[in-house]
K.L.:
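Sharing a structure here in structure tokens format.
Naming convention: chains lettered A, B, ... in sequence-line order (proteins, then strands); numbering from 1 in each chain.
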Number of protein chains: 2
Amino acid sequence: MKIYEVFKKETEYALRGLVYIQLQNLNELRPGIAEIASEVETPPHFMAKILQRMVRMGFLESAKGKNGGYSIHPAQGTLSLKKVVSAIEGNNLFEGCGFGLKACDENHPCPLHNSYAPIRDAINKLMEEETIQKLAGTGKEELIFALNRKS
Amino acid sequence: MKIYEVFKKETEYALRGLVYIQLQNLNELRPGIAEIASEVETPPHFMAKILQRMVRMGFLESAKGKNGGYSIHPAQGTLSLKKVVSAIEGNNLFEGCGFGLKACDENHPCPLHNSYAPIRDAINKLMEEETIQKLAGTGKEELIFALNRKS
DNA sequence: TTTTAAATGGACAAAAAGGTCCATTAGTCA
DNA sequence: TGACTAATGGACCTTTTTGTCCATTTAAAA
């Protein structure tokens, strides 16, 4: 019986990585894969793959060679969680019925549709308002602690 | 890039199957695997496996042989979605931080914890209040239609 | 009691997610 | 330029989830 999580591992690791990178960028630093994976406690090779994808998606910039590493792409001055999540997982979380009980829309709502709608709206709001920058901006030490802490 | 869904297939199929069974039980009928799988459009052998598990978990009763089939277990007069979901997927959806950003509790909340808490509470409420019986009780045809309809 | 209908259980297969490894490429610095 | 450093990309592996098949068991009906 698998433990349920809202996000896929890939998404979770991506978010943690992005926040850590942003945090280091604030100090003019460009962390590399080894450092990032170690600090946010993810499998390093897997994190490498994920960061590559973030680069391709335009969320990150990367620099090779000595003193290389990652930084948040300048064009992503405010990078909402929704952007990241929907880029990786698609946007069914934000648009779908949420219960997967077959196709259902405003015209043909499934029995759960109307009860779920406000929840979906709240998720949308939260994920649109919350950004990587905000997460990296408040209470840094506690944040990293929270990101790092083992269960 | 996989399409995100709130539930695992197993859970989704289980819920659809349970609702259909309850609906038939209201007419003193005990549907069998073939009928159930066909009506709620799930892979029949996979549905068989899932219904077996529902029996073992005490949600269903089964009868072998001619005119056999499944019925909601008498002890489950009101069977909440939460009971079913948590039996299959565990209850992280109902208790966890929801964002999987590492361990986080009331004392050491992660940065998203407090914004997500009301959403988690709303999910809990919905899933506790909604039952298989309620879903099978209102607007039967439309319900089955919704359960059946292709996207 | 024989036939028939149905669930059961276990083995197996396919696809997706999660994770690892390594050779290559592209920079930096001495 | 040569040595070093770090990201890149592709191949590969493992685990979980999803799905299939079939022989067996159990019960009802003829």
Side-chain angles (χ1 to χ4, degrees), chain A residues 1-18 21 24 29-38 40-73 85 88-90 92 100, chain B residues 1-18 21 24 29-38 40-73 85 88-90 92 100:
Chain A
M1 187 178 72
K2 168 142 187 320
I3 295 291
Y4 180 88
E5 288 179 7
V6 172
F7 298 131
K8 304 202 306 183
K9 287 289 177 196
E10 180 178 347
T11 309
E12 180 191 329
Y13 295 167
L15 292 175
R16 284 161 52 190
L18 288 170
I21 292 166
Q24 295 310 107
L29 296 173
R30 280 186 306 193
I33 287 172
E35 174 186 341
I36 298 167
S38 157
V40 303
E41 290 183 351
T42 58
H45 297 291
F46 194 24
M47 180 55 101
K49 275 280 166 304
I50 293 170
L51 293 183
Q52 276 180 45
R53 287 174 200 147
M54 296 293 102
V55 171
R56 283 196 216 104
M57 289 170 174
F59 297 145
L60 285 180
E61 264 185 346
S62 68
K64 283 183 172 180
K66 230 167 193 172
N67 293 319
Y70 295 92
S71 46
I72 302 292
H73 194 287
V85 172
I88 299 175
E89 307 197 346
N92 271 36
Chain B
M1 185 178 74
K2 167 142 188 319
I3 296 290
Y4 181 88
E5 287 179 5
V6 172
F7 297 132
K8 305 202 304 185
K9 288 289 175 197
E10 180 178 347
T11 309
E12 181 190 329
Y13 295 166
L15 292 175
R16 287 166 42 195
L18 288 169
I21 292 167
Q24 296 309 106
L29 296 173
R30 279 186 305 194
I33 286 172
E35 175 186 342
I36 298 167
S38 156
V40 304
E41 290 183 351
T42 57
H45 297 291
F46 193 25
M47 180 55 102
K49 275 280 165 305
I50 293 171
L51 294 182
Q52 277 180 44
R53 288 175 198 145
M54 296 292 102
V55 171
R56 285 197 214 102
M57 288 171 174
F59 297 145
L60 286 178
E61 263 185 348
S62 69
K64 282 185 173 182
K66 238 168 188 169
N67 295 319
Y70 294 92
S71 45
I72 302 291
H73 194 287
V85 173
I88 298 176
E89 306 197 346
N92 270 39

K.L.:
Which residue, M47(B) or L51(A), contacts DNA chain D at a nucleotide closer to its 5' end, judged by nearest heavy atom?
P.N.:
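So the residue in question is L51(A).
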K.L.:
Does dT8(C) have OP1 or OP2 under 4.0 Å away from a side-chain N or O of S62(B)?
P.N.:
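It does, given that an N or O in the side chain of S62(B) lies less than 4.0 Å from OP1 or OP2 of dT8(C).
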K.L.:
So, is N67(A) near the phosphate of dT5(D), with a side-chain N or O under 4.0 Å from OP1 or OP2?
P.N.:
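Answer no for this pair, as no side-chain N or O of N67(A) is under 4.0 Å from OP1 or OP2.
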K.L.:
Just by distance, do the side chain of R16(A) and the backbone of E41(A) share a donor-acceptor pair under 3.5 Å?
P.N.:
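Checking the backbone N and O of E41(A) against the side chain of R16(A), a donor-acceptor pair under 3.5 Å is found.
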K.L.:
Closest approach to the side chain of K49(B), judged atom by atom: which nucleotide of dT20(D), dT8(D), dA29(D) is it?
P.N.:
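That would be dT20(D).
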K.L.:
Using atom types as modelled and distance alone, determine if a side-chain donor or acceptor of R30(B) lies under 3.5 Å from a backbone N or O of E61(B).
P.N.:
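Answer holds: no.
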K.L.:
Starting at atom CD1 of I50(B), determine the distance to atom P of dG9(C), rounded to an integer number of angstrom.
P.N.:
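Those two atoms, CD1 and P, are 15 Å apart.
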K.L.:
Measure distances between side-chain N and O atoms of E10(A) and base N and O atoms of dG18(C), and say whether any donor-acceptor pair falls under 3.5 Å.
P.N.:
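No pair found.
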K.L.:
Which of the following nucleotides, dG19(C), dT8(C), dT18(D), is nearest to the side chain of K9(A)?
P.N.:
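The closest nucleotide is dG19(C).
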K.L.:
Quickly work out the I33(A) CD1 to dT20(C) P distance and round it to whole Å.
P.N.:
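Rounded to the whole Å, the gap is 13 Å.
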K.L.:
What does A63(A) touch in the nucleic acid at a heavy-atom separation under 4.0 angstrom: a base, only the sugar-phosphate, or nothing?
P.N.:
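Result for A63(A) = sugar-phosphate.
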K.L.:
In whole angstrom, what separates E89(B)'s CD from dT18(D)'s P?
P.N.:
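Atom CD in E89(B) sits about 9 Å away from atom P in dT18(D).
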K.L.:
Between H45(A) and G65(A), name the one whose nearest nucleotide on DNA chain C is closer to the 5' end.
P.N.:
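Looking at the nearest nucleotide for each, H45(A) comes out on the 5' side.
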K.L.:
Keeping the roles fixed (side chain from E89(A), backbone from K8(A)), state whether a donor-acceptor pair exists under 3.5 Å.
P.N.:
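Yes; judged by distance alone, with no hydrogens or angles, the pair exists.
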K.L.:
With rounding to the nearest 0.5 angstrom, report the CD1 to CG distance, I21(B) to L60(B).
P.N.:
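If we round to the nearest 0.5 Å, I21(B):CD1 and L60(B):CG are 4.5 Å apart.
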K.L.:
Tell me, do K49(A) and I33(A) make a side-chain contact under 4.5 Å, heavy atoms counted?
P.N.:
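When only atoms from C-beta onward are counted, I33(A) and K49(A) do not touch, as no gap falls below 4.5 Å.
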K.L.:
Using whole Å, report how far OH of Y70(A) lies from C1' of dA26(C).
P.N.:
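My rounded result for the distance is 13 Å.
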K.L.:
Could you tell me the separation between the CE atom of M54(A) and the C1' atom of dA7(D), rounded to a whole number of Å?
P.N.:
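M54(A) atom CE is separated from dA7(D) atom C1' by 16 Å.
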K.L.:
What nucleic acid atoms does R56(A) come within less than 4.0 Å of, heavy atoms only: base, sugar-phosphate, or nothing?
P.N.:
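Sugar-phosphate: the residue R56(A), judged by heavy atoms under 4.0 Å, touches backbone atoms but no base.
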K.L.:
Over how many whole Å does the gap from Q52(B) atom CD to dC22(D) atom P extend?
P.N.:
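Between P of dC22(D) and CD of Q52(B): 17 Å.
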K.L.:
Tell me the interatomic distance from K64(A), atom NZ, to dT28(C), atom C1', rounded to whole angstroms.
P.N.:
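The answer, rounded to whole Å, is 13 Å.
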K.L.:
Taking OP1 and OP2 of dT18(D), is either one under 4.0 Å from a side-chain nitrogen or oxygen of Y13(B)?
P.N.:
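The answer is no; no side-chain N or O of Y13(B) sits under 4.0 Å from OP1 or OP2.
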K.L.:
Taking atom P of dA15(C) as reference, at what distance in whole Å does atom CZ of F46(B) sit?
P.N.:
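One finds 15 Å between P of dA15(C) and CZ of F46(B), rounded.
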